[in-house]
Amino acid sequence: MTTSSIRTESHIEGVRRPGRWLALSVLVLAVLLVAVDATVLGLATPFLSEDLKPSGTQLLWIGDVYSFVIAGLLVSMGSLGDRIGRKKLLLTGATAFGALSVLNAYATSPEMMIVARALLGVAGATLMPSTLALIRNLFHDPRERSLAIGIWGAMASAGAAVGPVVGGFLLEHFWWGSVFLINLPVMAVLVLVGARLIPESKSPGHGPWDLPSVALSLVGVIGIVYAVKELASHGPTVDAGAAALVGVAGLTWFVRRQLTLPSPLLDMRLFRHRGFSGAVLADLLTILGLSGLVFFLSQFFQLVQGRQPLEAGLAELPAAIGAVTAGLVAGAVARRFSVRSVVAGGLAAVGLSLAVLTTLDQHTGYPLLGGTLLVVGVGAGFAFTVTADVILSSVPKEQAGSASAVSETAYELGAALGIAVLGSIVTGVYQGFVTPAGIPSDVASAAHESLGGAVEASGGLDPATATALVSSAQEAFVDGLRIAAGVGAAVLLATAVAALFLLKGQRLEEGVGH
């Protein structure tokens with residue numbers, strides 16, 4: 001055997017770390033739980049409201065603060081993992097996530113619940129970028145890494161879709177706190193097994209963690225996300241405008257500060273790489289389309305078609321099945337064809353599915369809806385997995401944490417913007433519906449707040465009037481959903497065309513020894 005072949009063999013053995021697939025299974029447990037926790041609370045809200053009696057504003061904060069804090073801290077936590085060690089950050093975060101889940105489950109007041117959800121968001125922000133960066137370190141063979149990222153992305157997509165199913169099952173058998181306590185055994189496995197199997201990795205050359213940058217990142221992202229959600233719920237308001245100004249100012253200052261620091265929290269020069277920037281944009285808009293669609297179809301299934309929470313959760317499973325399946329084969333398909341064709345094709349699939357929903361009405365059958373969700377899942381699985389691979393492989397290994405955090409921030413912002421932007425369209429159209437004659441003003445006012453409000457407010461009316469009110473409200477909601485689907489379709493199809501240009505010449509790395 002020649003010296004070069006011996007060197008190649010030893011290099012391949014070094015690349016393929018023993019126990020890497022078992023370590024990956026532990027990492028994806030964390031991703032699954034963080035994604036489940038983002039959606040599982042939705043179904044528990046009525047039970048939680050009855051027990052803790054929060055005000056309307058407090059209820060919104062209970063629902064939103066977890067995602068706000070995660071989105072605001074992802075970049076900071078990715079950078080912290082690069083500095084102190086990604087394994088250390090992951091195991092510390094997992095331990096905190098388990099402990100804080102208990103605090104959430106046994107919260108005794110709305111204020112305690114809001115604080116507990118915010119702290120859970122801090123712990124969640126340590127998990128997501130650490131998992132993706134550790135995958136970059138575990139799998140040096142690019143083909144294996146593509147498959148590993150596919151499994152990671154599939155679990156992120158599956159978690160968001162499985163959340164309502166898990167929540168529906170638990171709430172039919174236990175009290176609302178059980179949706180948090182399911183985190184404990186999973187986090188225990190992650191810490192015990194992860195401590196043995198996951199290798200430590202960090203970047204040696206980084207300077208100190210810049211706390212002013214952490215604050216600016218948090219204020220900037222939360223300001224933008226809050227402004228968009230406020231705009232979606234209440235239209236243009238002083239609060240939304242002020243939050244948007246604070247958010248833009250915070251992010252502008254953050255970017256300027258990164259360009260002057262010798263060891264920035266996020267290296268802004270990464271965005272000069274056309275493939276990196278194109279992948280981040282595609283990432284964000286893929287999730288925007290997916291999350292907006294799943295969120296509103298969840299309401300459509302329950303409030304328009306009258307399905308129970310568990311049934312509605314199960315009805316959305318085709319999206320998860322499609323995303324998981326596509327995620328597992330995305331790397332191989334991108335090598336067989338090209339990165340830009342797979343990402344553009346995935347975006348186009350989501351866009352065309354949204355276009356199909358412009359034909360939706362109250363009596364649309366499940367085969368069309370289930371088929372549409374399946375295609376959306378497949379399209380999102382292809383686009384999201386390949387863009388995550390591009391983002392990770394287009395930066396040096398030392399910057400894996402920062403790059404992972406950018407990918408994750410795009411995911412969180414996409415989810416928030418999908419619900420908020422498409423939500424503002426649905427809400428705007430919905431609030432214009434004509435109330436049937438003979439409805440008391442207080443009932444009409446409650447009905448115009450939301451479709452859920454209309455269904456609840458109709459409870460005190462005589463059957464004929466109640467039916468007329470709910471029917472009118474449902475019709476307006478479906479009108480809004482059709483228009484939002486059309487806007488979403490236009491955005492996703494335009495992004496598909498942009499991806500063809502932005503990702504031109506972009507390739508996934510070939511496997512070592514192939």
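- We find the CG-CG distance between L500 and L502 to be 9.5 Å, quoted to the nearest 0.5 Å.
- When all heavy atoms of A279 and V390 are compared, the pair lying nearest together is CB-CG1, 3.9 Å.
- Side-chain N or O atoms of Q474 include none that pairs as donor or acceptor with a backbone N or O of Q305 at under 3.5 Å.
- Residues L357 and R482 share a closest heavy-atom pair of O-CG, 3.7 Å.
- Here the shortest heavy-atom pairing between V491 and T495 reads O-OG1, 2.7 Å.
- Atom-to-atom distance recorded for L503:CG and F276:CZ is 12.5 Å, nearest 0.5 angstrom.
- Here the closest non-hydrogen pair linking G351 and A489 is O-CB, 3.2 Å.
- In terms of modelled atom types and a separation under 3.5 Å, the side chain of T325 and the main chain of G322 share no donor-acceptor contact.
- For the pair W21 and L147, the minimum side-chain heavy-atom distance is below 4.5 Å.
- Separating the CD atom in E144 from the CD1 atom in I135 is a distance of 12.5 Å, to the nearest 0.5 Å.
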* To do: Determine, stepwise, if the pair F300 / L360 fulfils side chain to side chain contact (heavy atoms under 4.5 Å, CB included).
  => CA-CA 10 Å; F300 175 82; L360 191 72; 3.9 Å; yes

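- Under the 4.5 Å side-chain criterion, counting only non-hydrogen atoms from C-beta, M77 is in contact with V122.
- With rounding to the nearest 0.5 angstrom, the CZ atom of R256 is 13.0 Å from the CG atom of L251.
- For A227 against A243, the heavy-atom pair with the smallest separation is CB-CB, 3.9 Å.
- Within the 4.5 Å cutoff, the side chain of K87 has no heavy atoms near those of the L90 side chain.
- Within 6.0 Å of OH on Y366 lie more than 12 heavy atoms contributed by other residues, nucleotides or ligands.
- Put simply, OG on S213 and CG on L218 are 12.5 Å apart, with the number rounded to the nearest 0.5 Å.
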* To do: Apply side chain to side chain contact (heavy atoms under 4.5 Å, CB included) to the pair R336 and V342, showing each step before the final yes or no.
  => CA-CA 10 Å; R336 173 71 179 80; V342 172; over 6 Å; no

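- Counting heavy atoms from C-beta on, the side chains of F477 and Q362 never come closer than 4.5 Å.
- Here the side chains of V280 and T387 are not in contact, with every heavy-atom distance at 4.5 Å or above.
- Side-chain contact between L73 and T126: absent, with no pair of heavy atoms (C-beta onward) separated by less than 4.5 Å.
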* **Derivation of the side chain to side chain contact (heavy atoms under 4.5 Å, CB included) call for F382 and V329** => CA-CA 8 Å; F382 275 128; V329 300; 3.9 Å; yes

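- Side-chain contact between V221 and I224 is absent, with no heavy-atom pair separated by less than 4.5 Å.
- Note that the CG atom of L27 and the CG atom of L190 stand 7.0 Å from one another [nearest 0.5 Å].
- Nearest heavy atom pair, residue T385 against residue G327, reads OG1-CA, 3.5 Å.
- Results of the side-chain contact (heavy atoms from CB on, under 4.5 Å) test with S353 over L373, L492, V375, L374 single out V375 as the only residue that passes.
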